[in-house]
J.: 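Dropping a structure here in C-alpha coordinates format, bear with me for questions.
For this chain, numbers begin at 1 and follow the sequence in order. Order of listing sets the numbers, starting from 1, for every ligand and every atom in it. Just the heavy atoms: all of them, side chains too, but no hydrogens, waters or symmetry mates, feed the values below.
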Amino acid sequence: MKEKLQALRAEALTQVEQAETLNDLQQVRVSYLGKKGPITEVLRGMGQLSAEERPVLGELANKVRGEIAEELDRKKQALETAALNEQLKTETIDVTLPGRPVQVGGSHLLSDIVTEIEDLFIGMGFEVREGPEVETDYYNFEALNLPKGHPARDMQDSFYITEDLLLRTHTSPVQARTMGEYKGNKPVKMICPGKVYRRDTDDATHSHQFTQIEGLYVDKNVRMSDLKGVLNQFAKQFFGEEREIRLRPSFFPFTEPSVEMDISCKVCQGKGCSVCKQTGWIEILGGGMVHPSVLEMAGYDPNIYSGFAFGMGPERIAMLKYGVDDIRHFYTNDIRFLQQYHQV
Ligand SMILES: [Zn+2]
(Lines give C-alpha, C1' and ligand atoms only; values in the text may rest on other atoms or scores of the structure.)
Protein backbone atom coordinates (compact mmCIF):
# COMPACT_ATOMS: atom_id res chain seq x y z
CA MET A 1 0.00 0.00 0.00
CA LYS A 2 2.89 2.25 0.75
CA GLU A 3 4.20 1.74 -2.75
CA LYS A 4 0.80 2.43 -4.18
CA LEU A 5 0.64 5.77 -2.34
CA GLN A 6 4.14 6.71 -3.50
CA ALA A 7 3.18 5.86 -7.09
CA LEU A 8 -0.02 7.96 -6.82
CA ARG A 9 1.99 10.85 -5.47
CA ALA A 10 4.48 10.74 -8.36
CA GLU A 11 1.68 10.39 -10.90
CA ALA A 12 -0.32 13.27 -9.46
CA LEU A 13 2.67 15.61 -9.30
CA THR A 14 3.53 14.86 -12.93
CA GLN A 15 0.00 15.68 -13.99
CA VAL A 16 0.06 18.90 -11.96
CA GLU A 17 3.26 19.84 -13.70
CA GLN A 18 1.78 19.08 -17.10
CA ALA A 19 -1.46 21.02 -16.54
CA GLU A 20 -1.60 23.99 -18.92
CA THR A 21 -4.79 25.67 -17.84
CA LEU A 22 -6.68 26.28 -14.62
CA ASN A 23 -9.28 23.92 -15.98
CA ASP A 24 -6.72 21.09 -16.39
CA LEU A 25 -5.59 21.73 -12.85
CA GLN A 26 -9.10 21.45 -11.50
CA GLN A 27 -9.46 18.08 -13.23
CA VAL A 28 -6.30 16.83 -11.50
CA ARG A 29 -7.55 18.07 -8.15
CA VAL A 30 -10.87 16.28 -8.53
CA SER A 31 -9.43 13.04 -9.76
CA TYR A 32 -6.77 12.68 -7.02
CA LEU A 33 -8.18 14.46 -3.99
CA GLY A 34 -11.93 14.07 -4.61
CA LYS A 35 -14.21 11.83 -2.57
CA LYS A 36 -14.00 9.17 -5.23
CA GLY A 37 -10.27 9.59 -5.80
CA PRO A 38 -7.60 6.91 -5.27
CA ILE A 39 -6.28 8.35 -2.00
CA THR A 40 -9.71 8.24 -0.40
CA GLU A 41 -9.88 4.72 -1.72
CA VAL A 42 -6.61 3.79 0.07
CA LEU A 43 -7.81 5.33 3.32
CA ARG A 44 -11.02 3.34 3.11
CA GLY A 45 -9.09 0.09 2.74
CA MET A 46 -7.15 0.74 5.94
CA GLY A 47 -9.67 -1.27 7.96
CA GLN A 48 -7.97 -4.41 6.77
CA LEU A 49 -4.60 -3.42 8.18
CA SER A 50 -3.13 -4.30 11.54
CA ALA A 51 -3.23 -1.82 14.45
CA GLU A 52 0.50 -1.11 14.06
CA GLU A 53 0.34 -0.45 10.34
CA ARG A 54 -2.75 1.74 10.38
CA PRO A 55 -1.32 4.96 11.92
CA VAL A 56 1.85 4.72 9.81
CA LEU A 57 -0.11 4.42 6.60
CA GLY A 58 -2.64 7.03 7.69
CA GLU A 59 0.15 9.51 8.27
CA LEU A 60 1.70 8.73 4.90
CA ALA A 61 -1.64 9.10 3.09
CA ASN A 62 -2.22 12.50 4.73
CA LYS A 63 1.32 13.56 3.87
CA VAL A 64 0.87 12.57 0.22
CA ARG A 65 -2.47 14.34 0.07
CA GLY A 66 -0.92 17.47 1.61
CA GLU A 67 1.91 17.45 -0.87
CA ILE A 68 -0.38 17.08 -3.85
CA ALA A 69 -2.65 19.89 -2.53
CA GLU A 70 0.37 22.11 -2.01
CA GLU A 71 1.63 21.48 -5.53
CA LEU A 72 -1.85 22.16 -6.93
CA ASP A 73 -1.95 25.53 -5.15
CA ARG A 74 1.52 26.46 -6.32
CA LYS A 75 0.71 25.56 -9.91
CA LYS A 76 -2.62 27.39 -9.68
CA GLN A 77 -0.90 30.58 -8.62
CA ALA A 78 1.69 30.20 -11.39
CA LEU A 79 -1.02 29.76 -14.03
CA GLU A 80 -2.99 32.77 -12.72
CA THR A 81 0.08 35.00 -12.82
CA ALA A 82 0.85 33.84 -16.35
CA ALA A 83 -2.75 34.56 -17.42
CA LEU A 84 -2.61 38.05 -15.92
CA ASN A 85 0.68 38.80 -17.66
CA GLU A 86 -0.76 37.61 -20.95
CA GLN A 87 -3.80 39.87 -20.47
CA LEU A 88 -1.64 42.87 -19.60
CA LYS A 89 0.43 42.25 -22.68
CA THR A 90 -2.56 42.24 -25.06
CA GLU A 91 -4.37 45.14 -23.37
CA THR A 92 -1.57 47.69 -23.22
CA ILE A 93 -2.59 51.22 -24.28
CA ASP A 94 -1.08 52.26 -27.56
CA VAL A 95 0.05 55.81 -26.81
CA THR A 96 1.00 56.39 -30.42
CA LEU A 97 -2.69 56.57 -31.51
CA PRO A 98 -3.62 60.03 -32.81
CA GLY A 99 -5.77 62.01 -30.33
CA ARG A 100 -9.43 62.80 -30.93
CA PRO A 101 -9.77 66.28 -32.50
CA VAL A 102 -11.31 68.90 -30.19
CA GLN A 103 -14.03 71.07 -31.73
CA VAL A 104 -12.89 74.67 -31.63
CA GLY A 105 -15.54 77.34 -32.06
CA GLY A 106 -15.23 80.37 -34.29
CA SER A 107 -16.91 83.73 -34.56
CA HIS A 108 -20.36 83.92 -36.18
CA LEU A 109 -20.69 85.30 -39.71
CA LEU A 110 -22.77 88.22 -38.38
CA SER A 111 -20.11 89.07 -35.78
CA ASP A 112 -17.49 89.04 -38.54
CA ILE A 113 -19.56 91.40 -40.71
CA VAL A 114 -20.17 93.78 -37.79
CA THR A 115 -16.45 93.78 -36.90
CA GLU A 116 -15.50 94.43 -40.51
CA ILE A 117 -17.90 97.39 -40.74
CA GLU A 118 -16.71 98.72 -37.37
CA ASP A 119 -13.05 98.59 -38.49
CA LEU A 120 -13.93 100.41 -41.67
CA PHE A 121 -15.65 103.28 -39.86
CA ILE A 122 -13.03 103.43 -37.11
CA GLY A 123 -10.59 104.01 -39.98
CA MET A 124 -12.64 107.10 -40.93
CA GLY A 125 -12.50 108.48 -37.38
CA PHE A 126 -15.80 107.15 -35.99
CA GLU A 127 -16.02 105.81 -32.43
CA VAL A 128 -18.07 102.69 -31.59
CA ARG A 129 -20.84 103.21 -28.99
CA GLU A 130 -23.29 100.81 -27.38
CA GLY A 131 -26.57 101.26 -25.52
CA PRO A 132 -29.23 99.28 -23.63
CA GLU A 133 -31.48 96.86 -25.52
CA VAL A 134 -34.31 97.54 -23.05
CA GLU A 135 -35.03 101.17 -23.83
CA THR A 136 -37.43 103.87 -22.70
CA ASP A 137 -40.18 105.16 -24.96
CA TYR A 138 -38.50 108.56 -24.78
CA TYR A 139 -35.14 107.50 -26.25
CA ASN A 140 -36.58 104.94 -28.67
CA PHE A 141 -39.23 107.29 -30.14
CA GLU A 142 -39.74 110.76 -28.72
CA ALA A 143 -36.14 111.96 -28.79
CA LEU A 144 -36.05 110.86 -32.44
CA ASN A 145 -38.96 113.03 -33.52
CA LEU A 146 -41.53 110.24 -33.12
CA PRO A 147 -44.00 111.58 -30.53
CA LYS A 148 -46.80 109.37 -29.18
CA GLY A 149 -49.41 108.76 -31.88
CA HIS A 150 -47.00 109.41 -34.78
CA PRO A 151 -48.03 107.14 -37.69
CA ALA A 152 -44.41 106.06 -38.31
CA ARG A 153 -44.49 104.28 -34.95
CA ASP A 154 -46.76 101.66 -36.53
CA MET A 155 -43.87 100.38 -38.66
CA GLN A 156 -41.88 99.73 -35.52
CA ASP A 157 -44.22 97.85 -33.25
CA SER A 158 -42.15 96.21 -30.53
CA PHE A 159 -42.20 94.08 -27.40
CA TYR A 160 -43.25 96.21 -24.43
CA ILE A 161 -42.06 95.45 -20.90
CA THR A 162 -44.17 98.21 -19.38
CA GLU A 163 -46.02 101.04 -21.10
CA ASP A 164 -42.83 103.07 -21.02
CA LEU A 165 -40.18 100.35 -21.41
CA LEU A 166 -39.64 98.31 -24.58
CA LEU A 167 -37.10 96.28 -26.51
CA ARG A 168 -35.50 98.90 -28.75
CA THR A 169 -36.71 98.85 -32.36
CA HIS A 170 -33.52 100.40 -33.74
CA THR A 171 -30.09 101.48 -32.50
CA SER A 172 -30.98 105.18 -32.95
CA PRO A 173 -31.56 105.67 -29.17
CA VAL A 174 -27.78 105.30 -28.78
CA GLN A 175 -27.40 108.40 -30.97
CA ALA A 176 -29.84 110.37 -28.82
CA ARG A 177 -28.08 109.17 -25.65
CA THR A 178 -24.62 110.07 -26.98
CA MET A 179 -25.72 113.54 -28.08
CA GLY A 180 -27.31 114.03 -24.65
CA GLU A 181 -24.06 112.97 -23.00
CA TYR A 182 -22.03 115.45 -25.08
CA LYS A 183 -24.41 118.21 -23.92
CA GLY A 184 -24.72 120.01 -27.22
CA ASN A 185 -21.23 121.46 -27.36
CA LYS A 186 -19.04 118.65 -28.66
CA PRO A 187 -18.92 117.09 -32.13
CA VAL A 188 -20.28 113.53 -32.36
CA LYS A 189 -18.83 110.99 -34.77
CA MET A 190 -19.99 107.51 -33.90
CA ILE A 191 -21.42 104.23 -35.09
CA CYS A 192 -23.61 101.99 -32.91
CA PRO A 193 -23.96 98.32 -33.76
CA GLY A 194 -26.37 96.09 -31.84
CA LYS A 195 -29.42 93.86 -31.65
CA VAL A 196 -32.87 95.34 -32.22
CA TYR A 197 -36.40 93.90 -31.97
CA ARG A 198 -39.66 94.31 -33.84
CA ARG A 199 -43.01 92.56 -33.74
CA ASP A 200 -42.48 90.92 -37.13
CA THR A 201 -43.51 87.51 -38.42
CA ASP A 202 -40.36 85.55 -39.23
CA ASP A 203 -39.85 84.65 -42.88
CA ALA A 204 -36.98 84.52 -45.39
CA THR A 205 -36.29 88.26 -45.07
CA HIS A 206 -37.85 89.21 -41.69
CA SER A 207 -36.94 88.33 -38.15
CA HIS A 208 -38.32 89.56 -34.82
CA GLN A 209 -34.71 90.09 -33.76
CA PHE A 210 -32.02 91.40 -36.05
CA THR A 211 -28.89 93.52 -36.11
CA GLN A 212 -28.41 97.15 -37.01
CA ILE A 213 -25.49 99.48 -37.41
CA GLU A 214 -26.20 103.17 -37.37
CA GLY A 215 -23.85 106.07 -37.82
CA LEU A 216 -24.04 109.70 -36.73
CA TYR A 217 -21.85 112.66 -37.46
CA VAL A 218 -22.74 116.00 -35.88
CA ASP A 219 -20.47 119.02 -36.13
CA LYS A 220 -20.38 122.53 -37.55
CA ASN A 221 -20.82 122.62 -41.35
CA VAL A 222 -21.61 118.96 -41.91
CA ARG A 223 -23.19 118.71 -45.36
CA MET A 224 -25.00 116.22 -47.57
CA SER A 225 -21.81 115.81 -49.61
CA ASP A 226 -20.03 114.57 -46.46
CA LEU A 227 -22.70 111.86 -46.11
CA LYS A 228 -22.29 110.89 -49.73
CA GLY A 229 -18.50 110.79 -49.39
CA VAL A 230 -18.55 108.57 -46.31
CA LEU A 231 -21.14 106.18 -47.77
CA ASN A 232 -19.27 105.99 -51.08
CA GLN A 233 -16.08 105.12 -49.23
CA PHE A 234 -17.91 102.43 -47.25
CA ALA A 235 -19.52 100.88 -50.36
CA LYS A 236 -16.27 100.74 -52.31
CA GLN A 237 -14.21 99.39 -49.43
CA PHE A 238 -16.77 96.80 -48.43
CA PHE A 239 -18.20 95.65 -51.75
CA GLY A 240 -15.38 96.50 -54.16
CA GLU A 241 -13.77 99.51 -55.86
CA GLU A 242 -15.81 99.07 -59.03
CA ARG A 243 -19.18 99.53 -57.27
CA GLU A 244 -21.10 102.75 -57.96
CA ILE A 245 -23.55 104.29 -55.48
CA ARG A 246 -26.68 106.34 -55.96
CA LEU A 247 -28.87 108.20 -53.49
CA ARG A 248 -32.66 108.24 -53.84
CA PRO A 249 -35.03 110.52 -51.90
CA SER A 250 -36.85 108.76 -49.05
CA PHE A 251 -38.55 109.47 -45.73
CA PHE A 252 -37.45 108.93 -42.14
CA PRO A 253 -38.92 110.96 -39.26
CA PHE A 254 -35.49 111.74 -37.76
CA THR A 255 -33.75 112.94 -40.94
CA GLU A 256 -34.55 115.72 -43.43
CA PRO A 257 -33.83 115.32 -46.27
CA SER A 258 -33.75 111.53 -46.20
CA VAL A 259 -32.18 109.18 -48.72
CA GLU A 260 -31.83 105.50 -49.59
CA MET A 261 -28.50 104.37 -50.92
CA ASP A 262 -28.16 101.75 -53.65
CA ILE A 263 -25.00 100.15 -55.00
CA SER A 264 -24.58 98.96 -58.55
CA CYS A 265 -25.32 95.27 -59.05
CA LYS A 266 -22.21 93.15 -59.08
CA VAL A 267 -23.84 90.26 -60.96
CA CYS A 268 -24.87 92.23 -64.08
CA GLN A 269 -22.58 95.26 -63.73
CA GLY A 270 -25.66 97.52 -63.70
CA LYS A 271 -27.30 96.07 -66.84
CA GLY A 272 -30.22 94.45 -64.97
CA CYS A 273 -30.70 90.86 -63.78
CA SER A 274 -32.88 88.82 -61.42
CA VAL A 275 -30.71 89.66 -58.37
CA CYS A 276 -31.28 93.41 -58.81
CA LYS A 277 -34.85 92.92 -60.12
CA GLN A 278 -33.74 94.25 -63.53
CA THR A 279 -32.89 97.68 -62.10
CA GLY A 280 -29.09 97.37 -62.05
CA TRP A 281 -29.11 98.63 -58.42
CA ILE A 282 -29.36 97.02 -55.00
CA GLU A 283 -30.67 98.86 -51.93
CA ILE A 284 -28.13 98.88 -49.09
CA LEU A 285 -29.05 101.43 -46.45
CA GLY A 286 -30.98 104.55 -45.46
CA GLY A 287 -29.77 107.87 -44.16
CA GLY A 288 -30.08 111.63 -44.33
CA MET A 289 -29.38 114.92 -42.65
CA VAL A 290 -30.31 114.92 -38.95
CA HIS A 291 -33.69 116.63 -38.45
CA PRO A 292 -33.31 120.02 -36.71
CA SER A 293 -35.86 118.92 -34.06
CA VAL A 294 -33.71 115.89 -33.20
CA LEU A 295 -30.64 118.12 -32.80
CA GLU A 296 -32.60 120.58 -30.70
CA MET A 297 -34.03 117.88 -28.40
CA ALA A 298 -30.49 116.61 -27.82
CA GLY A 299 -29.32 120.10 -26.88
CA TYR A 300 -27.57 121.04 -30.12
CA ASP A 301 -28.41 124.42 -31.70
CA PRO A 302 -29.50 123.56 -35.28
CA ASN A 303 -28.38 127.02 -36.41
CA ILE A 304 -24.79 126.18 -35.48
CA TYR A 305 -24.65 122.40 -35.75
CA SER A 306 -25.70 120.07 -38.52
CA GLY A 307 -25.18 116.37 -39.06
CA PHE A 308 -25.94 113.24 -40.97
CA ALA A 309 -27.10 109.80 -39.88
CA PHE A 310 -27.42 106.46 -41.62
CA GLY A 311 -28.45 102.94 -40.72
CA MET A 312 -27.98 99.50 -42.22
CA GLY A 313 -28.74 95.85 -41.47
CA PRO A 314 -25.68 93.59 -41.26
CA GLU A 315 -27.91 90.58 -42.11
CA ARG A 316 -28.90 92.16 -45.41
CA ILE A 317 -25.30 93.16 -46.09
CA ALA A 318 -24.11 89.60 -45.36
CA MET A 319 -26.91 88.14 -47.51
CA LEU A 320 -25.83 90.33 -50.42
CA LYS A 321 -22.13 89.80 -49.97
CA TYR A 322 -22.29 86.00 -49.58
CA GLY A 323 -25.51 85.16 -51.43
CA VAL A 324 -27.39 83.91 -48.33
CA ASP A 325 -31.03 83.36 -49.31
CA ASP A 326 -32.77 83.16 -45.92
CA ILE A 327 -32.25 85.45 -42.91
CA ARG A 328 -33.17 82.58 -40.55
CA HIS A 329 -29.87 80.83 -41.38
CA PHE A 330 -28.14 83.40 -39.17
CA TYR A 331 -30.13 82.44 -36.08
CA THR A 332 -30.74 78.68 -36.29
CA ASN A 333 -27.04 77.97 -35.65
CA ASP A 334 -26.73 75.09 -38.07
CA ILE A 335 -22.97 74.48 -37.96
CA ARG A 336 -23.01 73.24 -41.58
CA PHE A 337 -24.17 76.72 -42.64
CA LEU A 338 -21.75 78.59 -40.39
CA GLN A 339 -18.77 76.43 -41.40
CA GLN A 340 -19.02 77.65 -44.98
CA TYR A 341 -17.84 81.06 -43.81
CA HIS A 342 -15.58 80.07 -40.96
CA GLN A 343 -13.54 77.21 -39.66
CA VAL A 344 -15.94 76.45 -36.80
ZN1 LIG B 1 -28.15 92.85 -61.52
Side-chain angles (χ1 to χ4, degrees), residues 107-121 123-124 126 152 155-156 170-171 191 193 195-196 198 200-215 224-252 255 257-289 308-332 334 336-342:
S107 54
H108 192 279
L109 173 60
L110 272 181
S111 306
D112 289 345
I113 290 277
V114 169
T115 306
E116 199 180 335
I117 296 171
E118 278 178 7
D119 287 347
L120 209 148
F121 279 98
M124 288 192 270
F126 286 75
M155 296 189 299
Q156 300 192 12
H170 44 193
T171 49
I191 59 162
K195 292 195 279 290
V196 300
R198 290 192 194 178
D200 248 333
T201 307
D202 294 4
D203 62 22
T205 52
H206 293 86
S207 169
H208 61 280
Q209 180 201 313
F210 54 102
T211 322
Q212 254 192 356
I213 296 184
E214 291 193 330
M224 191 83 177
S225 54
D226 295 314
L227 171 64
K228 194 174 177 184
V230 164
L231 294 184
N232 190 39
Q233 179 67 20
F234 160 71
K236 288 196 151 64
Q237 236 177 295
F238 199 82
F239 292 102
E241 274 303 317
E242 72 290 350
R243 310 302 281 275
E244 298 293 326
I245 69 159
R246 75 171 183 188
L247 300 180
R248 284 179 291 113
S250 185
F251 168 79
F252 302 109
T255 47
S258 303
V259 294
E260 303 261 7
M261 183 184 91
D262 301 335
I263 58 168
S264 55
C265 178
K266 191 185 184 178
V267 179
C268 62
Q269 309 295 338
K271 288 188 201 76
C273 68
S274 62
V275 173
C276 57
K277 292 176 189 140
Q278 310 302 330
T279 63
W281 297 95
I282 291 169
E283 189 186 320
I284 292 292
L285 54 80
M289 301 307 289
F308 67 71
F310 58 87
M312 64 184 107
E315 282 90 344
R316 181 171 167 74
I317 305 257
M319 286 167 95
L320 286 172
K321 190 164 178 170
Y322 297 110
V324 179
D325 60 358
D326 194 317
I327 197 169
R328 288 168 291 197
H329 287 316
F330 295 119
Y331 312 116
T332 45
D334 186 334
R336 291 169 302 178
F337 166 75
L338 296 170
Q339 266 173 338
Q340 298 176 79
Y341 309 97
H342 219 292

J.: Is the side chain of S258 donor-acceptor paired with the backbone N or O of F251 at a distance under 3.5 Å, no angle test?
T.: no
J.: So, does Q340 use its side chain to make a donor-acceptor pair with the main chain of F337 at under 3.5 Å?
T.: yes
J.: Do you know the tightest heavy-atom contact between M261 and A235?
T.: CE-CB, 4.1 Å
J.: Is the backbone of F238 close enough, under 3.5 Å, to the side chain of K321 for a donor and an acceptor to pair up by distance?
T.: yes
J.: Would you find a donor on one side and an acceptor on the other, under 3.5 Å apart, between the side chain of Q212 and the backbone of T171?
T.: yes
J.: In the shown structure, where waters are left out, how many protein N, O or S atoms lie under 2.8 Å from the Zn ion (ligand 1)?
T.: 4
J.: Could you tell me whether E242 and K236 make a salt bridge, using a distance below 4.0 angstrom between a side-chain N and a carboxylate O?
T.: no
